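Below you'll find the structure, written out as structure tokens, and then a few comments.
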Amino acid sequence: MKVQSYLFFDGRCEEALEFYSSKLGAKVKDLMRFKDNPDPAGAEGCGNGSGSPISPDKVMHASFQIGETELLASDGMAAGQPKFEGISLALTAKDEAEARRLFAALSEGGQVQMPMAKTFFSPAFGMVADRFGVSWMVLAD
């Protein structure tokens with residue numbers, strides 16, 4: 001059994017994958033666009049909640065790896081307003097310097113929720129919502 005996070009970027013999936021690749025070293029393992037769906041009727045039926053179909057170039061499904069973790073992603077309904085509520089991804093760095101670098105990278109265009117600081121459980125811990133609204137807890141091992 002395996003549990004994985006599936007992130008719906010609501011039309012900004014490709015942008016998110018590029019951001020995570022450049023800032024976190026993410027590796028895209030698999031990417032399927034709506035136009036690549038082997039069942040075209042199924043892809044045409046996917047709407048964005050406004051009654052209009054999703055662009056065939058949007059990401060239907062992707063998998064990407066950050067460190068040892070595989071995450072899944074999609075453009076979802078592609079309405080342009082991704083919401084990530086009630087969940088946070090924990091990113092554990094090998095040391096304080098890497099934690100600070102990753103935190104700074106995720107903060108670009110995002111919102112710091114708790115500045116990076118020493119805690120009783122880590123020499124460096126901080127919380128940030130990245131530019132897509134994904135909440136991250138970054139800490140040094």
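Hydrogens, waters and symmetry mates are skipped; everything else that's a heavy atom, side chains included, is used. None of these values were measured; they are calculated from a predicted model.
- Nearest heavy atoms, Ala129 versus Gln113: CB-NE2, 3.6 Å.
- Heavy-atom contacts from other residues, nucleotides or ligands closer than 6.0 Å to CD of Gln65 number more than 12.
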(request) Show your working on side chain to side chain contact (heavy atoms under 4.5 Å, CB included) between Leu71 and Tyr6 and close with a plain yes or no. (result) CA-CA 6 Å; Leu71 298 160; Tyr6 207 119; over 6 Å; no
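- Under the 4.5 Å side-chain heavy-atom criterion for grouping Ile, Leu, Val, Met, Phe, Trp and Tyr, Val28 is not connected to Met60 through any hydrophobic cluster.
- Here the CE atom belonging to Met32 is positioned 11.5 Å from the OG atom belonging to Ser74, to the nearest 0.5 angstrom.
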(request) Evaluate the criterion side chain to side chain contact (heavy atoms under 4.5 Å, CB included) for residue pair Met114 and Met137; output intermediate values, then yes/no. (result) CA-CA 9 Å; Met114 180 180 161; Met137 296 184 299; over 6 Å; no
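- Checked by atom type and distance alone, the side chain of Asp75 pairs as donor or acceptor with a backbone atom of Val59 at under 3.5 Å.
- Side-chain atoms of Ser21 come within 3.5 Å of backbone N or O of Ala26 as a donor-acceptor pair.
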(request) Could you go through the side chain to side chain contact (heavy atoms under 4.5 Å, CB included) check for Lys27 and Phe64 one step at a time? (result) CA-CA 5 Å; Lys27 305 281 187 242; Phe64 64 105; over 6 Å; no
(request) Start with the C-alpha distance between Asp141 and Asp95, add both sets of side-chain angles, then the distance that settles side chain to side chain contact (heavy atoms under 4.5 Å, CB included), and finish with yes or no. (result) CA-CA 6 Å; Asp141 211 8; Asp95 57 34; over 6 Å; no
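- Rounding to the nearest 0.5 angstrom, the gap separating the CG atom in Leu91 from the CG atom in Leu102 is 5.0 Å.
- The shortest non-hydrogen separation linking Ala99 to Met116 is O-CE, 3.5 Å.
- Phe132 has its ring centre no less than 6.0 Å from the ring centre of Phe84.
- Proximity of a side-chain donor or acceptor of Ser122 to a complementary backbone N or O of Ala140 within less than 3.5 Å is detected.
- Interatomic distance, CD1 of Ile66 versus CG of Leu89, reported as 7.5 Å (0.5 Å rounding).
- Between the CD atom in Glu15 and the CZ atom in Phe9 there is a gap of 9.5 Å [rounded to 0.5 Å].
- A ring-centre distance under 6.0 Å is found for Tyr20 and Trp136.
- Nearest heavy atoms, Arg12 versus Arg131: NH1-O, 3.5 Å.
- Closest approach of Ala105 to Lys23, counting heavy atoms only: CB-CB, 3.7 Å.
- Although no hydrogens or angles enter the test, the distance criterion places a donor-acceptor pair under 3.5 Å between the side chain of Lys58 and the main chain of Gly11.
- Taking the six-membered ring for Trp, Phe34 and His61 have ring centres at least 6.0 Å apart.
- The side chain to side chain donor-acceptor pair (under 3.5 Å) check on Asp57 picks up Lys35, with sequence neighbours excluded.
- Here the straight-line distance linking atom OG1 of Thr119 with atom CG of Leu139 works out to 7.5 Å at 0.5 Å rounding.
- Salt-bridge formation is not detected for the pair Arg101/Glu96: no Lys NZ or Arg NE/NH1/NH2 atom is positioned less than 4.0 Å from an Asp or Glu carboxylate oxygen.
- Rounding to the nearest 0.5 Å places CD of Glu18 at 10.0 Å from SG of Cys13.
- The six-membered or imidazole ring of Phe125 lies away from that of Phe103, with a centre-to-centre distance of 6.0 Å or more.
- Taking all atoms of both residues into account, the shortest heavy-atom contact from Leu72 to Gln4 is CD1-OE1, 4.0 Å.
- Note: the hydrophobic cluster containing Phe120 also contains Met127 (ILVMFWY, side chain heavy atoms under 4.5 Å, direct or indirect links).
- Contact record, Ala62 with Leu17: CB-CD1, 3.9 Å, taken as the closest heavy-atom pair.
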